[in-house]
Amino acid sequence: EIEVGDWSSDVCSSDLWTRQKKQARQSSPLRLTIRPDRCSFMRKVLNSMLVSLCFIAGASFVFHSPVQLYDLVTGAKAADGFFISWPFIRVFTEPFYAFSFYALTLQRDFYRPVIISWTGWTVISVFIYCVIKKRTVGQTLCGIFYALMLLITLFLFAVLAPLPGPKLNKPDGYIAVDLHSHTVYSHDNLSKPCSNLRFHRLHGYDAFFVTEHNHTGGFERFPGEAKYKEVFPGVQMQTKDKVSVLLLSAKAFDGGQYKDLALKDIIRKAHADGMLVIMPHWWKWHRQSLEELVELGIDGFEIYNCGYRNLSKRDFQDLVKISKDNNLLMAGSTDWHGWGYMTDVWTVLKAAPGGNLKEVLDKKPETRVLVYRRQQSSSPLRFILEPFYAFYLYMKNADMIAVFSLMIWTLLMNVIFMGGALKIIKKYAPLAIMAVLALSAVFIFTVYIPARATNEIIPKTVLPVMIVRSEEHTSELQSPTSIS
């Protein structure tokens with residue numbers, strides 16, 4: 001018995017039809033079901049997969065030129081024994097992981113044009129799709145809205161998901177340190193002290209300072225076994241001169257005693273109390289010349305900061321020169337505020353792990369600032385074509401394991417988007433995203449409670465955004481109009 005679907009399709013030839021009839025007669029106990037519509041679907045899926053895989057493989061072959069871990073001061077490749085390793089979770093989350101690393105390693109002044117470009121291309125892409133599919137105006141507007149909500153959710157995922165970035169591996173006799181980081185007890189941070197500790201451990205740091213804004217309350221919340229071994233007390237203190245400095249200590253202290261002082265008075269008092277004074281992201285302010293800061297007694301400079309990567313070549317050269325001429329410390333800092341778990345800089349020096357970091361720095365050791373990053377273009381054309389530039393950067397930098405993982409995800413996406421699973425995802429994705437945002441909002445609120453006296457960013461920005469996003473997904477669930 002033969003069941004026949006729509007044979008008007010040209011998918012199956014007459015020769016195939018003849019052979020299948022003959023086989024059916026010869027095996028009468030069997031039931032042969034022929035569905036040429038499914039045959040056509042599978043052919044489309046396979047063709048789409050083949051095109052996608054060829055495109056990825058070709059792009060990787062043409063653009064592949066992996067970024068190297070290098071010494072920021074000399075520009076040379078990092079010495080033997082220093083290398084980067086990626087967390088195993090990257091293999092299973094490659095598209096999301098790659099986007100997170102891309103979003104979290106942008107220069108701060110790039111975010112506005114980048115987001116505008118992604119938004120514009122998202123709207124254009126959905127509009128073209130709707131025109132080709134002859135969708136109504138209502139369906140088109142709904143599709144644009146839905147796509148933009150997904151884009152916002154993707155950026156929120158990059159910021160909030162605790163996906164660890166690359167880890168620095170070091171030869172014996174070296175330690176990696178971070179002189180500048182924060183916890184939720186700073187006004188603009190999202191993470192608890194234990195998250196700060198986990199962040200530094202996952203990325204290969206042996207020791208770090210916690211430098212809250214204008215107070216030292218965060219240090220006391222770290223686990224006792226980590227104090228003075230992995231984490232050390234510090235503060236980022238605002239001065240009357242409208243700049244801030246890092247005060248680094250070997251023992252706990254009250255940061256309040258340094259409030260409302262001029263820069264020269266803070267430096268003098270900190271030195272009298274046995275502290276080091278480091279100037280963070282000097283290029284952000286340019287209020288004092290480098291020579292003036294040296295005369296005031298500054299102990300060192302940041303020459304790289306993950307929060308402020310927009311350092312000009314001239315400023316960088318001036319910082320390196322004056323630091324070398326005056327035997328000052330040079331550091332690359334994460335300035336970590338809990339916005340994502342990625343970093344791309346490590347300050348490396350010769351020392352044994354587990355010692356007192358402040359005492360090591362007192363000796364003004366030679367430091368190496370190692371960076372895993374490629375200089376990015378700031379041309380207008382780059383921002384106009386930002387999504388394509390992001391893909392170009394990815395194919396240029398990704399290793400073969402990452403590319404292979406992307407191919408697997410591409411195959412999966414082809415099956416989903418061309419099969420019936422897409423309808424299920426469209427139906428339940430808003431509900432799932434709403435649930436995740438709601439749970440995340442509850443978690444962040446619990447993080448905020450003990451730090452409510454000093455934290456401002458969570459109640460004023462983070463929670464309102466997450467609540468609005470959750471309400472938008474609720475409206476999507478109730479909307480009768482959708483794009484298919």
Side-chain angles (χ1 to χ4, degrees), residues 69 71-73 78 82 84 104-105 162 164-170 174-186 188-213 216 218-219 222-223 226-236 244-250 275-281 299-309 329-362 365-373:
L69 180 69
D71 187 316
L72 185 63
V73 174
F82 294 97
I84 289 297
L104 295 172
T105 54
K167 178 181 180 180
L168 178 68
N169 298 271
K170 310 166 291 295
Y174 287 89
I175 62 172
V177 302
D178 181 17
L179 308 188
H180 187 179
S181 69
H182 301 264
T183 74
V184 71
Y185 294 93
S186 285
D188 52 356
N189 190 282
L190 297 180
S191 60
K192 297 186 293 185
C194 60
S195 295
N196 184 302
L197 183 60
R198 178 176 178 268
F199 166 83
H200 284 93
R201 286 175 174 174
L202 287 174
H203 292 90
Y205 296 97
D206 298 282
F208 64 95
F209 285 90
V210 57
T211 52
E212 312 290 17
H213 289 288
T216 52
F219 176 76
F222 279 84
K227 292 179 181 177
Y228 306 109
K229 293 181 180 179
E230 295 177 85
V231 57
F232 293 84
V235 67
Q236 182 175 359
S244 64
V245 287
L246 303 177
L247 309 182
L248 311 180
S249 177
M275 298 184 183
L276 288 172
V277 185
I278 306 295
M279 174 58 68
H281 41 67
D299 294 301
F301 293 94
E302 283 183 352
I303 61 173
Y304 187 94
N305 182 292
C306 287
Y308 299 92
R309 293 185 176 93
L329 292 167
M330 290 185 285
S333 300
T334 66
D335 196 1
W336 193 64
H337 281 71
W339 300 86
Y341 259 59
M342 304 290 182
T343 187
D344 56 12
V345 65
W346 298 262
T347 301
V348 175
L349 49 90
K350 286 186 176 181
N356 190 301
L357 180 56
K358 165 60 169 54
E359 293 177 358
V360 172
L361 296 176
D362 281 336
E366 179 184 0
T367 59
R368 304 182 190 179
V369 179
L370 302 185
V371 176
Y372 184 79
R373 177 181 175 80

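Worth saying up front: this structure is predicted, and the values here are computed from it rather than measured.
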Can you name the closest pair of heavy atoms from [X] and [Y] and give their distance?
X      : Y      : value
Met342 : Gly165 : SD-CA, 3.3 Å
Val345 : Gly332 : CG2-CA, 3.8 Å
Pro353 : Ile175 : N-CG2, 3.6 Å
Glu302 : Ile278 : N-CG2, 4.2 Å
Val231 : Phe219 : O-CE1, 3.6 Å
Val245 : Pro280 : CA-CD, 3.8 Å

Please tell me whether Tyr228 and Phe222 form a close aromatic pair, meaning their ring centres lie under 6.0 Å apart.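 Ring centroids of Tyr228 and Phe222 are no less than 6.0 Å from each other.
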
Does NZ belonging to Lys229 count more than 12 external heavy atoms closer than 6.0 Å?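 Count not over threshold, so no.
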
Count the heavy atoms belonging to other residues, nucleotides or ligands that lie under 6.0 Å from NZ of Lys192, then report whether that count exceeds 12. no

Can you find a pair of side-chain heavy atoms, one from [X] and one from [Y], that are under 4.5 Å apart?
X      : Y      : result
Phe208 : Leu197 : yes
Thr216 : Pro233 : no
Ile84  : Trp346 : yes
Val371 : Leu69  : no
Phe209 : Leu361 : yes
Ser186 : Gln236 : no

Just say parallel, tilted or perpendicular for the rings of Phe199 and His203, cut-offs at 30° and 60°.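 Answer is tilted, since the angle falls between 30° and 60°.
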
Sequence-distant partners of Asp344, salt bridge (Lys or Arg N to Asp or Glu O under 4.0 Å), two or more places apart: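 By the salt bridge (Lys or Arg N to Asp or Glu O under 4.0 Å) rule, Asp344 matches Arg309, Arg373.
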
Check side-chain contact (heavy atoms from CB on, under 4.5 Å) between Ser191 and all other residues, then give those that pass, not counting sequence neighbours.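 For Ser191, the residues satisfying side-chain contact (heavy atoms from CB on, under 4.5 Å) (neighbours in sequence not counted) are Asn189, Ser195, Trp336.
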
State which residues pass side-chain contact (heavy atoms from CB on, under 4.5 Å) with Asp71; sequence neighbours excluded, sorted by chain then number. Val73, Thr74, Arg368, Leu370

Distance check, rounded to the nearest 0.5 Å: [X] atom [atom1] versus [Y] atom [atom2]?
X      : Y      : atom1 : atom2 : result
Leu104 : Trp339 : CG    : CH2   : 11.0 Å
Asp335 : His180 : CG    : NE2   : 3.5 Å
Asp362 : Leu329 : CG    : CG    : 9.0 Å
Tyr205 : Lys170 : OH    : NZ    : 10.0 Å
Leu349 : Asp206 : CG    : CG    : 9.0 Å
Ser244 : His281 : OG    : NE2   : 5.0 Å

For [Y], is there any backbone N or O sitting under 3.5 Å from a side-chain donor or acceptor partner on [X]?
X      : Y      : value
Thr211 : Ser181 : yes
Ser249 : Met275 : no
Thr183 : Tyr185 : yes

How far apart are the C-alpha atoms of Leu168 and Val348, what are their side-chain angles, what is the distance that settles it, and do they pass the side chain to side chain contact (heavy atoms under 4.5 Å, CB included) test? CA-CA 10 Å; Leu168 178 68; Val348 175; 3.8 Å; yes

Residue from Asn196, Thr334, Thr347 passing side-chain hydrogen bond (donor to acceptor under 3.5 Å, both in side chains) with Asp178: Thr334

